[in-house]
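Lettering of chains follows the sequences in order, A, B, ..., and the numbering in each one begins at 1. Computed from a predicted model, the values in this text were never measured in an experiment.
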Amino acid sequence: MVGMKNTNDMDNSYLNNDMSATGEIGSEITIENLSIQFPDKDGGAPVVALQNVNLEIKPGEFITLVGPSGCGKTTLLRTIADLQQPTTGSVNIRGKSPREIRKEKKFGIVFQNPVLYDWRTVRRNVCMPMELMGIPKKERTARVTKMLELVGLYDFGTKYPHELSGGMQQRVGIARALAIRPEILLMDEPFSALDEFTKEKLHVDLLRIWSKTKKTIIFVTHNISEAVLLSDRVVVLSPHPGRVSAIVDIDLERPRGLEIKDTDKFNALVSKVRNSFEGV
Amino acid sequence: MNKKKHRKITKDSVTSVLYPLLFGAVIVVLWQTQILHKILGTDTFVLPLPDRIFTIIGDNMGAIMENVKATVIVSLGGLILGSALGYLLGMIAMAFPKWGAGGLTVVSAFNAVPIIAIAPILNNLTKDFSEDANTRSMIAKTLVVTITCTVAMSINAFRGFTELKPFSLDLMKSYAANKATIFFKLRVPNSLPYVFTALRVSVPASIISALVSEYFAEYIIGVGRQIRENIVLAQYATAWAYIVVACAIGIVLYLILLFAEGILLKNRRPRWKSV
């Protein structure tokens with residue numbers, strides 16, 4: 001957590017200008033009657049991962065998909081990212097298919113583990129997607145510097161992944177996802193493997209980054225408190241079959257800090273989300 | 001922090017370098033004082049004393065180096081050819097995953113065929129390849145080593161291409177990377193530690209198979225062949241000189257491999273360092 005100091009002290013003002021300078025407009029995702037079935041390996045009836053999901057996501061919204069194991073939340077995220085194909089129904093992202101958006105490299109994805117390449121330094125890991133996009137070296141270098149400052153790891157650019165803690169590695173993953181200036185940031189239980197202290201630190205970081213960059217974030221978690229702390233809306237998914245059982249508006253004021261978790265309103269929202277599950 | 005690292009290296013050196021050296025020194029002392037001969041119930045004719053062996057090596061350096069050159073060319077030539085072929089087979093198996101893994105199992109069956117069986121067959125198969133007996137023999141011997149080294153590399157390369165960290169393929173796909181980009185940016189660098197795993201097997205195997213294939217070669221040259229020739233002639237001291245040289249070749253090549261691995265895998269996960 002040594003690197004965090006830099007972030008808090010530094011001037012982040014350029015980020016607003018930087019992000020808006022690209023002329024990005026927010027994203028809008030419409031999911032209609034989405035169902036996904038997986039064939040049963042033993043030849044039995046197909047497993048229904050998601051059934052008849054309908055969801056509208058507003059531009060710049062921080063939305064969380066929350067639910068227990070097997071509720072299809074990761075499947076839903078992967079479908080939006082075009083890493084999984086729907087059986088029936090559709091996902092529409094600003095009039096385009098997920099595949100078109102993926103081909104345009106508009107997704108930034110943060111996975112359950114950091115997925116850093118051992119053979120690349122922190123800087124070169126953050127750089128990797130920009131290399132694939134053919135962004136000129138000078139631009140890449142500038143963006144890597146900004147992103148590492150943003151996640152508080154500027155001093156660790158020349159380190160290799162195995163030299164970093166789990167929390168720092170995950171922050172590199174977030175920097176890499178943001179470096180391509182995605183329109184939609186998809187986060188699949190990014191903090192689930194981290195200890196509670198690191199997790200809380202990253203919650204604060206993520207809220208700060210989101211407020212600076214104004215990305216649409218779709219965040220998957222099984223942690224209700226995490227979902228309430230971060231989101232504008234919590235989509236509650238219930239299992240067997242995976243379906244949306246409720247959508248809870250989180251009308252807590254922003255900017256939010258960890259102290260909000262001690263308020264009655266926060267706890268009431270956590271209870272509301274918890275009581276929305278069906279069949280658990 | 002540097003001091004701590006330095007102490008750690010020193011402690012490692014004691015266990016990994018000093019102990020084997022001490023053990024070797026004890027054997028040499030027992031050997032030179034003929035205690036070893038008493039234990040094994042042999043004499044200095046069959047097991048000459050170390051000083052005599054080293055005198056022979058010193059006196060015959062020219063002839064020995066000529067044989068060393070022949071052996072090293074065969075083992076390194078076969079190692080490079082076999083490893084390249086193995087890497088290629090690993091790539092093909094990766095490209096066609098449905099039968100790739102099964103195909104490699106068939107390839108690995110080649111490893112079960114003893115070198116002693118392959119060497120005479122290849123001698124026979126290559127007898128028309130060249131007018132020159134030395135060239136013919138070199139080809140046959142190199143082919144034996146190639147076959148030996150192909151299997152280890154093909155299986156390890158396949159694992160290196162396919163045993164990727166969870167989500168690393170998804171990450172590439174999310175950036176719409178094509179197969180070639182995934183191959184060069186992800187699979188090839190991922191395979192590097194596996195290549196060294198294969199080479200740790202292949203480097204000693206290449207020398208052993210070069211030595212054995214020399215036994216059966218038409219043209220009389222190479223360290224392995226000299227061991228055999230001198231034993232046949234009951235020149236045990238000279239045979240032992242070549243045995244020592246054969247060991248030295250193996251140790252030197254293995255050290256070169258470890259050195260290269262130390263440089264190329266320096267920044268990988270610690271598990272690759274500590275192996």
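Both the backbone and the side chain of Leu186(B) come within contact range of chain A, each with at least one heavy atom under 4.5 Å from a heavy atom of that chain. Heavy atoms closer than 4.5 Å to chain B are found nowhere in Met133(A), neither backbone nor side chain.
By the 30° and 60° cut-offs, the orientation of the rings of Trp210(A) relative to Phe62(A) is perpendicular.
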Stepwise, does the side-chain contact (heavy atoms from CB on, under 4.5 Å) test hold for Phe156(A) with Leu153(A)? CA-CA 5 Å; Phe156(A) 295 84; Leu153(A) 288 176; 3.8 Å; yes

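Remark: Phe183(B) engages Phe161(B) in a ring pair (Phe, Tyr, Trp, His ring centres under 6.0 Å) (not counting sequence neighbours).
Between chain B and the options Phe107(A), Tyr117(A), Trp119(A), the largest number of non-hydrogen pairs under 4.5 Å is found for Trp119(A).
For residues 170-186 of chain B, the pairs satisfying side chain to side chain donor-acceptor pair (under 3.5 Å) are Arg78(A)-Asp170(B), Glu131(A)-Lys185(B), Asn178(B)-Thr181(B), with sequence neighbours left out.
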